[in-house]
Amino acid sequence: MGEVNQEAENYKERYRYLSREELVERLKRASSFTEKAAIGAIMKENGWLDK
């Protein structure tokens, strides 16, 4: 499990400063669940997810 968490943190570091639109585009093209989860976490932290 530690490897998955590290991978998610790597994605979060890489994508942290992208705009909402850029994150949405990456989410559409993401192939791994870990990448999608990291993007979702960033969007949630920024308040960009619909409730």
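Remember, predicted model here, so these are calculated numbers, not experimental data.
- Among Tyr15, Tyr17, Tyr11, the one residue that satisfies the side-chain contact (heavy atoms from CB on, under 4.5 Å) test with Ile42 is Tyr15.
- At least one side-chain heavy atom of Leu27 sits under 4.5 Å from a side-chain heavy atom of Lys36.
- Of all heavy-atom pairs between Ala38 and Ala8, the closest is CB-O, 3.7 Å.
- Across Glu7, Glu35, Glu45, a single residue satisfies salt bridge (charged side-chain N to carboxylate O under 4.0 Å, His left out) together with Lys12, and that is Glu45.
- Taking OG1 of Thr34 as the reference point, atom CD of Gln6 lies at 12.0 Å (rounded to 0.5 Å).
- Between Val24 and Trp48 the shortest side-chain heavy-atom distance does not fall below 4.5 Å.
- For Arg20, the CZ atom is loosely surrounded, since the number of other residues' heavy atoms within 6.0 Å does not exceed 12.
- Here the rule is side-chain contact (heavy atoms from CB on, under 4.5 Å) with Ile39, and of Glu22, Arg26, Lys28, Glu25 only Arg26 fits it.
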